[in-house]
Amino acid sequence: MSDTETTRYDFATAEPHWQAAWEAAALFNAADTPTSGKPKYYVLEMFPYPSGKIHMGHVRNYTLGDVVARYKRASGFDVLHPMGWDAFGLPAENAARQRKTDPASWTYANIATMRGELKRMGLSLDWSREFATCDPEYYGQQQKIFLDFWANGLVERRMSAVNWDPVDHTVLANEQVIDGRGWLSGAPVEKKNLSQWFLKITDYAEDLLEGLKDLPRWPERVKLMQENWIGHSQGADVTFALTAPVGGIDSVTVYTTRPDTLFGMSFLAIAPEHPIAKAVAQSSTQAAAFLAECAAQGTSEAAIEQAEKKGFDTGLTVQNPLNGQTYPVWIANFVLMDYGTGAIFGCPCGDERDFEFAAKYSLPIPIVVAPSLEAIPEQLTKALDGEGIIVNSGFLTGLPTAQAKPAAIAELERLGAGKAVQNWRLRDWGISRQRYWGCPIPVIHCAACGPQPVPADQLPVILPKDVTFDRPGNPLDHHPSWKHVPCPKCSAPATRETDTFDTFIDSSWYFARFTAPHAASPTNLEAVNHWLPVDQYVGGIEHAILHLLYARFFTRAMQKTGHVSLKEPFAGLFTQGMVTHESYKDSNGNWLYPEEVVKTPEGAKHVETGEPVTVGRIEKMSKSKRNTVDPGVIIDRFGADTARWFVLSDNPPERDVEWTESGILGANRFVHRLYRLALTIAAEPRAAQPESFTGEAKKLRQLTHRTIAAVSEALDTFTFNLAVARIYELSGALAGASPTDPGLLWARFEAIETIAHLIAPMMPHLAEEIFAAIRPNSGMVAINPWPKADPAYLTVDEVTVAVQVNGKLRGTVLLPAGAKADVALPIAKQAVAGALLGQLIVKEICVPDRIVNFVVKPA
RNA sequence: GCGGGUGUGGCGGAAUGGUAGACGCACCGGACUUAAAAUCCGUUGGGACAUAGUCCUGUGGGGGUUCGAGUCCCCCCACCCGCACCA
């Protein structure tokens with residue numbers, strides 16, 4: 001090496017070397033039932049869907065989890081850190097249709113690619129536990145669990161609506177419905193009722209709500225979202241008599257949380273799927289047309305609630321039990337059949353949606369809520385949906401809303417027209433999917449015996465491989481022989497269930513399976529009871545509700561059926577933000593990949609054509625917008641440690657991170673700088689530890705130990721960006737020429753050795769390389785313990801305190817630590833004498849080690 | 001639409017109600033070099049003035065509480081996540 005050439009860290013050699021060394025030592029493999037006596041720590045990141053290649057979101061997710069795993073291992077825990085594949089799902093079927101491959105080959109090929117990429121990241125994973133949910137060994141155990149749930153009353157079969165493509169004769173996922181039309185056929189979707197399987201998650205509504213209180217290490221916002229999703233409310237069922245019966249129905253029951261506003265009724269509205277709506281449509285082509293229009297909205301709640309409010313006046317009327325008056329019955333597209341009773345009473349005064357509807361159809365808007373009896377508005381421009389005083393409401397007039405509710409319910413009960421009920425927004429979990437690439441539902445349908453469980457000795461029910469995707473619909477249904485089997489009960493010809501499970505089931509118990517992935521039963525009780533709950537779960541905020549709620553429910557159901565012995569699967573949860581990037585479009589409006597764009601002083605240009613490029617918004621990385629950066633390319637160019645360091649350093653993990661070229665270059669520079677620093681210190685004379693430290697040496701040791709304390713705390717609290725900042729600070733203090741003072745030499749060695757340990761969770765390869773350079777033959781960092789901060793070096797004896805006058809900074813003073821008012825005030829006064837000139841001190845505030853504030857007025 | 005979140009220099013961000021801008025990036029200046037890259041050292045929120053300094057201003061917008069507000073309260077705006085068949 002010449003003097004002018006700068007030493008570079010050879011990550012391309014070092015990273016595979018250390019990965020092989022870790023693997024050879026089996027450092028990251030855990031036992032199903034450990035005997036080490038160390039405390040256990042189960043770290044889990046949400047497992048990936050094998051879509052093709054890993055993306056930056058994966059890099060971030062698995063780096064965050066790996067930091068925790070490595071930190072806990074170094075801190076003396078027995079760590080379980082497994083990895084697997086959430087491998088069933090729609091994209092594999094789409095690929096099969098487009099590329100004439102089969103879903104299994106496509107999926108397993110993707111897994112092989114992605115496994116290789118994850119291994120290159122240097123994650124401390126126990127690969128011996130790997131499985132994919134599409135392995136029959138996994139989904140066969142899942143079928144056993146389902147049958148146990150069924151035997152224990154947790155499963156029901158009932159009719160439910162799906163999005164139906166009338167051209168392709170296929171059930172569509174919500175994602176496949178674009179503006180009310182099938183994504184491939186373009187045909188307006190219809191709703192179709194099918195007999196489907198449900199898991200009775202509503203049996204656990206209250207328990208799932210209560211359980212949130214026992215999750216102190218979950219983000220508050222996630223608990224709040226789950227609470228609102230479960231949606232407990234206290235209200236009343238109110239029955240309205242129809243003036244004239246229709247289709248044999250003579251009354252409508254509504255659920256309301258606002259019985260106090262019943263006198264403010266303007267209309268009654270029912271969902272398009274309500275039995276009365278169907279009865280009306282029998283004899284009215286207009287009503288039938290309206291129902292068809294509503295069916296084309298799609299089934300998603302967002303689509304329903306964002307659609308323009310539309311209604312159809314049925315001509316029917318009902319009588320309000322409290323005031324005896326009659327009101328029209330409308331069918332309305334914003335009333336949800338799945339919530340409450342599928343019918344509402346419309347009170348424009350107390351509900352914004354009702355107000356909008358009444359205004360649109362010129363229905364009356366009676367005023368029944370006011371800020372006070374003296375301030376009753378003449379006319380409303382919007383609903384008064386908060387607390388207030390009830391007015392114009394007979395016996396309820398003058399009561400505050402909170403008191404009017406029980407009063408109204410009492411009267412309804414006396415009249416036999418209603419009762420208090422509690423309601424949940426949570427609905428039972430529909431788990432049937434009319435698709436091939438999922439876990440077969442282990443059921444046989446017999447004309448005589450009804451649905452029968454597949455007998456235990458015939459499990460697993462394996463997906464047939466010889467299926468075709470040459471026409472729309474479910475290949476399992478089209479298969480010539482697979483579904484034809486004898487009834488297990490009467491042996492008559494019967495058919496298999498051709499629906500498969502919702503893939504959310506696959507991800508609702510995989511964390512339990514990881515504890516004994518090869519067990520012959522769904523779980524090994526000894527292993528699962530040792531390792532669960534997951535101590536730290538890490539994943540995207542987009543899973544805050546569905547996946548996490550389903551997993552919490554599934555764990556309760558598995559507890560009931562004896563597969564686990566706890567009900568909360570995740571003791572600690574961390575939700576990370578997304579990885580974003582600028583997006584680019586050329587002059588024709590086509591999306592461009594970042595590598596196709598070059599930034600020049602005149603603006604962004606196409607790297608080949610030189611044409612100007614529009615720099616668009618910073619958005620979540622997605623294939624469709626081409627604003628992706630391939631982690632494999634980044635690791636080739638800079639190494640895994642640089643990629644890991646960058647995703648950790650740039651911002652707090654719960655926020656979105658923007659991937660920038662300059663950011664990754666900066667991280668890479670630090671990797672090389674730190675390596676050079678380590679080589680420099682390794683070459684310095686090795687000094688014996690002095691009796692005591694003074695001056696620069698003492699200051700450096702204080703910084704080193706403060707850094708240990710700060711980084712440890714940052715890793716404990718998931719503020720990894722702060723850990724990075726503190727490490728930058730310490731390494732910055734080691735810059736400059738090598739000293740000759742023995743104390744300082746010793747302190748520098750201590751500092752660099754500390755850095756090797758502190759960076760190990762984040763940049764494990766570089767940590768090993770540095771440690772090997774400064775302490776040859778001392779084993780790997782990965783098996784060395786985490787450093788401890790010496791409390792003697794954490795205290796300070798002098799503090800800079802700010803001095804304010806009327807809350808404005810006017811100076812600072814250096815005071816002994818803990819100095820109280822008697823010491824601080826005279827010094828502070830002197831420091832800001834100029835600002836106090838000609839002023840009368842009205843008040844003196846002194847917070848030791850923090851602030852002195854003089855409140856003054858002109859003398 | 002409903003539920004949840006976020007908003008601080010050119011950029012990412014830091015800050016138990018107590019000196020706003022730690023740390024990094026970028027930029028600028030300097031050293032080294034024939035030169036460039038790399039590396040090393042240093043400056044940098046904006047503004048004004050009498051420029052070794054002093055003052056004003058500044059945390060999405062508007063109000064409020066407080067000796068003191070990025071932080072607490074109320075109203076508003078923008079963006080992001082979720083909405084039950086995407087994973």
Side-chain angles (χ1 to χ4, degrees), chain A residues 4-8 46 48-49 51 86 88-91 162-163 171-177 201 219-222 224-229 231 299-307 309 334 338 352-353 356 425-435 502-504 507 540-547 549-550 575 577-578 580 617 619-620 649-652 654-658 660 662-663 665-667 669-670 672-673 676 719 721-722 724-729 732 735-736 800-804 806-812 834 842-845 847 849-856:
Chain A
T4 53
E5 197 178 338
T6 310
T7 309
R8 307 278 290 178
M46 292 179 186
Y49 177 79
S51 54
D86 187 15
F88 276 135
L90 218 38
V162 293
N163 298 307
V171 177
L172 298 175
N174 282 340
E175 189 190 50
Q176 299 170 316
V177 179
I201 189 172
E220 286 304 320
R221 58 176 168 156
V222 173
L224 197 53
M225 280 190 265
Q226 293 219 347
E227 188 180 322
N228 290 334
W229 185 265
T299 56
S300 89
E301 194 174 311
I304 291 169
E305 293 199 2
Q306 264 167 288
K309 305 224 176 336
F334 67 91
D338 288 318
E352 194 55 48
R353 289 180 306 176
E356 204 184 310
R425 209 185 75 95
L426 184 67
R427 309 198 298 256
D428 275 334
W429 178 10
I431 52 171
S432 298
R433 297 290 181 272
Q434 295 71 40
R435 302 192 220 296
D502 177 6
T503 57
F504 270 120
S507 54
I541 184 68
E542 67 272 21
H543 295 291
I545 295 174
L546 288 180
H547 161 60
L549 191 63
Y550 288 144
T575 51
M578 296 175 307
T580 63
R617 299 173 2 146
E619 300 194 55
K620 177 179 180 175
S649 67
D650 216 41
N651 68 358
E654 69 274 16
R655 282 205 221 165
D656 292 352
V657 61
E658 188 196 349
T660 58
S662 60
L665 290 174
R669 251 197 311 273
F670 180 69
H672 292 297
R673 185 161 70 228
R676 280 192 299 273
T719 48
N721 55 319
L722 299 187
V724 167
R726 296 288 82 83
I727 290 169
Y728 269 118
E729 214 169 8
T800 306
V801 173
V803 185
Q804 298 179 335
N806 281 348
K808 289 190 188 263
L809 183 70
R810 285 293 178 266
T812 58
V842 187
K843 194 172 177 184
E844 294 168 336
I845 289 140
V847 182
D849 297 345
R850 290 282 172 193
I851 202 127
V852 173
N853 188 13
F854 298 107
V855 183
V856 301

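These numbers come from a predicted model, not from an experiment. Note on naming: letters A, B, ... go to the chains in the order of the sequence lines (proteins, then strands), and numbering restarts at 1 for each one.
Distance OH (A:Y550) to C1' (B:C83): 11 Å, rounded to an integer number of Å. Protein atom CG of A:L665 is 10 Å distant from nucleotide atom C1' of B:C25, rounded to whole Å. At whole-Å resolution of the value, NE2 in A:H543 and C1' in B:C86 are 10 Å apart. Taking atom CD of A:Q226 as the reference point, atom C1' of B:C83 lies 14 Å away to the nearest angstrom. In this structure, A:E220 atom CD and B:G3 atom P are separated by 19 Å, rounded to whole Å. Taking atom NZ of A:K843 as the reference point, atom P of B:U66 lies 10 Å away to the nearest angstrom. When rounded to the nearest whole Å, the span between CG of A:N228 and P of B:G5 equals 9 Å. Rounded to an integer number of Å, the gap from CD of A:E301 to P of B:C86 is 14 Å.
Between B:A84, B:A87, B:C23, one nucleotide has an atom nearer to the side chain of A:E729 than all others, and that is B:C23. Checking B:C85, B:U19, B:C40 against the side-chain heavy atoms of A:R676 singles out B:C40 as nearest. With B:C85, B:G18, B:G82 as the choices, the nucleotide that has an atom nearest any side-chain atom of A:V171 turns out to be B:C85. Proximity note for A:E175 (side chain, C-beta onward) versus B:C86, B:C23, B:G3: the nearest is B:C86.
Under 4.0 Å is where a charged nitrogen must lie from a carboxylate oxygen, and between A:R353 and A:E356 no such pair does. The residues A:E227 and A:R425 are annotated as not salt-bridged, no charged nitrogen and carboxylate oxygen being separated by less than 4.0 angstrom.
Here A:R669 lies in heavy-atom contact (under 4.0 Å) with sugar-phosphate atoms only. Nucleic acid contact for A:G577: none, since no nucleic acid atom lies under 4.0 Å from a heavy atom of the residue. Residue contacts for A:T812: at a heavy-atom cut-off of 4.0 Å it reaches a base atom on one of the strands shown. Among the atoms of the strands shown, none is found under 4.0 Å from any heavy atom of A:F670. When heavy atoms are screened at a 4.0 angstrom cut-off, A:V162 is found touching base atoms of the nucleic acid. A:P48 comes within contact range of no nucleotide atom at all, as no heavy-atom separation falls under 4.0 Å. Among the heavy atoms of the strands, none lies under 4.0 Å from A:A544. At the heavy-atom level, A:A667 lies nowhere under 4.0 Å from the strands shown. A:V177 comes within 4.0 angstrom of no nucleic acid atom, judged by non-hydrogen atoms across all strands. Residue contacts shown for A:H672 are absent, as no nucleic acid heavy atom lies under 4.0 Å away. If you check every strand for non-hydrogen atoms under 4.0 Å, A:T503 touches sugar and phosphate atoms only. Among the protein residues, A:I845 comes within range of the nucleic acid bases, having at least one heavy atom under 4.0 Å from a base atom.
Checking the phosphate oxygens (OP1, OP2) of B:A14, a side-chain nitrogen or oxygen of A:R655 falls inside 4.0 Å. Residue A:R850 places none of its side-chain N or O atoms closer than 4.0 Å to OP1 or OP2 of B:G68. Side-chain nitrogen and oxygen atoms of A:R435 include none within less than 4.0 Å of the OP1 or OP2 phosphate oxygen of B:C85. Contact check, A:N721 against B:A14: a side-chain N or O comes under 4.0 Å of OP1 or OP2. Phosphate contact (OP1/OP2 of B:U57, side-chain N/O of A:K808, threshold under 4.0 Å): present. The phosphate of B:C67 (OP1 or OP2) has no side-chain N or O of A:N806 nearer than 4.0 angstrom. When the side-chain nitrogen and oxygen atoms of A:R221 are compared with OP1 and OP2 of B:G5, none of them lie within a distance under 4.0 Å.
Of the nucleotides present, B:G5 is the one that pairs with B:C79 by Watson-Crick or G-U wobble criteria, both distances under 3.5 Å. As the counterpart of B:C85, no nucleotide is assigned, since no Watson-Crick or G-U wobble pattern has both distances under 3.5 Å. Base pairing of B:A20: no nucleotide in any strand meets the Watson-Crick or G-U wobble criterion (both distances under 3.5 Å). For B:U54, the paired base is B:A48 (Watson-Crick or G-U wobble, both distances below 3.5 Å).
Contact of the A:R221 side chain with the A:I541 side chain is registered, since non-hydrogen atoms from C-beta on lie closer than 4.5 Å. When side chains are defined from C-beta on, A:H547 counts as touching A:F504, because their heavy atoms get closer than 4.5 Å. Taking 4.5 Å as the limit, every side-chain heavy atom of A:V842 sits out of range of all side-chain heavy atoms of A:F854. Side-chain contact check for A:N163 versus A:V171: every heavy-atom pair is 4.5 Å or farther apart. A:Y49 has its side chain out of reach of A:T503: every pair of non-hydrogen atoms, C-beta onward, lies at least 4.5 Å apart. The closest side-chain heavy-atom distance from A:D86 to A:M46 is not below 4.5 Å.
Its glycosidic angle being more than 90° from 0, B:G17 falls on the anti side.
On a pure distance criterion of 3.5 Å, no polar donor-acceptor pair joins the side chain of A:N174 and the base of B:C85. If you check distances only, the side chain of A:R810 never reaches the base of B:U54 with a donor-acceptor pair under 3.5 Å. On a pure distance criterion of 3.5 Å, a polar donor-acceptor pair joins the side chain of A:Q434 and the base of B:C85.
Distance check on atom P: B:G62 versus B:C41 gives 42 Å, rounded to whole Å. Straight-line distance between the P atoms of B:A36 and B:A31: roughly 12 Å, to the nearest whole Å. On the C1' atoms, B:C27 is 13 Å away from B:G42, given to the nearest whole Å. When the P atom is compared between B:A14 and B:U65, the two are found 30 Å apart, to the nearest whole Å.
In this structure, A:L224 and A:Y728 both approach RNA chain B, and ranking their closest nucleotides by distance from the 5' end singles out A:L224. Checking A:A302 against A:A735, the closest nucleotide of RNA chain B that is more toward the 5' end is the one next to A:A735.
Atom CG of residue A:L549 and atom NE2 of residue A:H543 lie 14.0 Å apart, to the nearest 0.5 angstrom.
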